[in-house]
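It should be emphasised that the depicted structure is a prediction, and the values quoted were computed from it without experimental measurement. All heavy atoms count here, side chains included; hydrogens, waters and symmetry mates do not.
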Amino acid sequence: MKKATDCYKLSNGVEIPCIGFGTWQTPDGDVAVSSVKAASVKAAILAGYRHIDTAQAYGNEESVGDAVRESGVKREELFITSKLANPEHGYDRTMVSFEQTLKKLQTEYLDLYLIHWPNPIAFRDNWKTANAETWKAFEELYKAGKIRAIGLSNFWPHHIEELLKTATIAPMVNQIRLCPGDTQDPVVAYSRAHDMVLEAYSPLGIGKIFDVAEMKRLAEKYGRSIAQICIRWSLQRGYLPLPKSVTPSRIQDNLNVFDFELEEEDVKLIADLKGCVGFAENPDEIDF
């Protein structure tokens, strides 16, 4: 059974902590930095998280950087991920955007950098070329040692196929929405066949999971919170969950998932709760 300090090994040998702290919808400023206030990156680091996930589009990279600095934890002990914003696709834009991300995060390198979406509305007519140019920039930054690993987010098989036609370095991660009842099995299978670790964003179904009767029964059965059941389920499915909480006590609780195991029939039950918290957006139909 995994422990909080355990890691997955990426295809290039880089180790990535098996649970990350998600920061989507965590605003910039004191709320994101304070060890007392809600949605605190600093509180997460102090609680034991060593994997922090942010994105340019979240608008909180600067606060994440502040939190890392104020935590007192050495940079090399942390695994920091960010993602390229949708309007910034293309070689030149990617290069400029990446440097802005480093500056805001107050770091000289990223542990993981992802293309956030494969088909933004601004590139709807030329997404294949835009992704190829973007990935070329990613590869150069990776070879220069400014990124330890490179990957994708919200990519479906046909997007990955197109990218691989010109890529010289294969993506190491695909971060997609994975939560009870939304398992995206074809995307997961394709990504794994290409040696990508599956990161699971919104592992708690953006809060909707707490109203699901079956999950309430499982929480009672195991004597755990619904959030802990979800995160444990994600780990047993081989995903890398990125839970987010606005409460320091729950931030800590979400790490306490390594001393119990779900029965296989319950793992299946949770996967089969189709649509209980909705489904992932179609990346070819997003309007941003």
Side-chain angles (χ1 to χ4, degrees), residues 20 22-25 53-59 81-90 93-94 97 112-135 138 150-167 170-209 211-212 230 233-234 237-244 270-288:
T23 64
W24 179 50
Q25 295 181 330
D53 181 271
T54 186
Q56 187 177 30
Y58 299 170
T81 300
S82 195
K83 310 176 195 75
L84 180 72
N86 283 357
E88 308 304 324
H89 287 207
R93 286 176 178 266
T94 297
S97 184
L112 177 63
Y113 198 38
L114 308 176
I115 303 178
H116 205 158
W117 289 89
N119 193 358
I121 195 165
F123 298 94
R124 189 75 20 107
D125 296 332
N126 65 330
W127 64 267
K128 298 176 184 178
T129 300
N131 284 342
E133 293 175 352
T134 298
W135 195 250
F138 272 47
I150 50 179
L152 313 170
S153 182
N154 299 297
F155 273 59
W156 285 5
H158 64 283
H159 304 121
I160 301 170
E161 286 178 6
E162 288 296 331
L163 188 76
L164 292 176
K165 289 179 180 178
T166 56
M172 299 148 197
V173 166
N174 194 8
Q175 182 181 127
I176 61 176
R177 187 182 193 263
L178 293 167
C179 52
D182 188 14
T183 55
Q184 297 205 66
D185 295 340
V187 183
V188 167
Y190 187 92
S191 299
R192 284 178 170 160
H194 288 81
D195 295 324
M196 284 183 264
V197 166
L198 272 298
E199 291 190 326
Y201 73 77
S202 298
L204 310 182
I206 58 173
K208 295 180 180 178
I209 197 66
D211 296 323
V212 177
C230 288
W233 173 82
S234 194
R237 296 273 295 187
Y239 310 147
L240 193 161
L242 302 168
K244 177 219 168 210
I270 294 170
D272 288 342
L273 294 172
K274 301 303 180 187
C276 69
V277 292
F279 294 103
E281 292 185 87
N282 184 331
D284 293 319
E285 297 177 357
I286 59 170
D287 60 0
F288 51 89

Taking all atoms of both residues into account, what is the closest heavy-atom pair of [X] and [Y], and its distance?
{"X": "Arg124", "Y": "Pro283", "value": "NH2-O, 4.2 Å"}
{"X": "His159", "Y": "Asn154", "value": "ND1-O, 4.4 Å"}
{"X": "Val277", "Y": "Pro180", "value": "CG2-O, 3.4 Å"}
{"X": "Arg93", "Y": "Pro87", "value": "NH1-O, 3.4 Å"}

With [X], which residues qualify under side chain to side chain donor-acceptor pair (under 3.5 Å), at least two apart?
{"X": "Arg192", "value": "none"}
{"X": "Trp117", "value": "none"}
{"X": "Trp127", "value": "none"}

Just wondering, do [Y] and [X] contact through their side chains at under 4.5 Å, heavy atoms?
{"X": "Leu163", "Y": "Pro171", "result": "yes"}
{"X": "Val173", "Y": "Leu240", "result": "no"}
{"X": "Thr166", "Y": "Trp135", "result": "no"}
{"X": "Ile160", "Y": "Met196", "result": "yes"}
{"X": "Asn119", "Y": "Ile286", "result": "no"}
{"X": "Thr94", "Y": "Glu88", "result": "no"}

Sequence neighbours excluded, which residues qualify as side-chain contact (heavy atoms from CB on, under 4.5 Å) partners of [X]?
{"X": "Pro241", "value": "Ile19, Pro203, Ile231, Ser234, Leu235, Pro243"}
{"X": "Glu133", "value": "Tyr91, Thr129"}
{"X": "Thr54", "value": "Thr23, Tyr58, Asn60, Glu61, Val64, Ser82, Leu105"}

Distance-only criterion, 3.5 Å: show the donor-acceptor pairs between side-chain atoms of residues 183-191 and protein atoms not counting sequence neighbours.
| from | atom 1 | to | atom 2 | distance (Å) |
| --- | --- | --- | --- | --- |
| Thr183 | OG1 | Asp185 | OD1 | 2.8 |
| Gln184 | OE1 | Trp156 | NE1 | 3.3 |
| Gln184 | NE2 | Arg177 | O | 2.9 |
| Ser191 | OG | Asn174 | ND2 | 3.1 |
| Ser191 | OG | Val187 | O | 2.8 |

Next item on the list: Return yes if some donor-acceptor pair links the side-chain N/O of Asp182 with the main-chain N/O of Ala280 below 3.5 Å, else return no.
Entry: yes

Set of ring pair (Phe, Tyr, Trp, His ring centres under 6.0 Å) partners for [X], sequence neighbours left out:
{"X": "Tyr201", "result": "none"}
{"X": "Phe279", "result": "none"}
{"X": "His158", "result": "none"}

Rounded at 0.5 Å granularity, tell me how far [atom1] in [X] sits from [atom2] in [Y].
{"X": "Tyr239", "Y": "Glu199", "atom1": "OH", "atom2": "CD", "result": "13.5 Å"}
{"X": "Trp24", "Y": "Ile206", "atom1": "CH2", "atom2": "CD1", "result": "5.5 Å"}
{"X": "Ser97", "Y": "Leu84", "atom1": "OG", "atom2": "CG", "result": "5.0 Å"}
{"X": "Asn86", "Y": "Phe288", "atom1": "CG", "atom2": "CZ", "result": "6.0 Å"}
{"X": "Leu114", "Y": "Asp53", "atom1": "CG", "atom2": "CG", "result": "7.0 Å"}

Check: Can you check side-chain contact (heavy atoms from CB on, under 4.5 Å) on Ile209 and Cys230, steps first, answer last?
Finding: CA-CA 9 Å; Ile209 197 66; Cys230 288; 3.7 Å; yes

Margin query: Per the salt bridge (charged side-chain N to carboxylate O under 4.0 Å, His left out) rule, what does the pair list look like for residues 271-288, sequence neighbours excluded?
Written below: Lys268-Asp272

Item checked: Audit row: Asn131, Phe123, side-chain contact (heavy atoms from CB on, under 4.5 Å) steps and yes/no -> CA-CA 9 Å; Asn131 284 342; Phe123 298 94; over 6 Å; no

Next item on the list: Verify side-chain contact (heavy atoms from CB on, under 4.5 Å) between Leu112 and Gln175, making sure each step is shown before the conclusion.
Entry: CA-CA 11 Å; Leu112 177 63; Gln175 182 181 127; 5.8 Å; no

Item checked: Partners passing salt bridge (Lys or Arg N to Asp or Glu O under 4.0 Å) against Lys165 (at least two apart in sequence or in another chain) -> Glu162

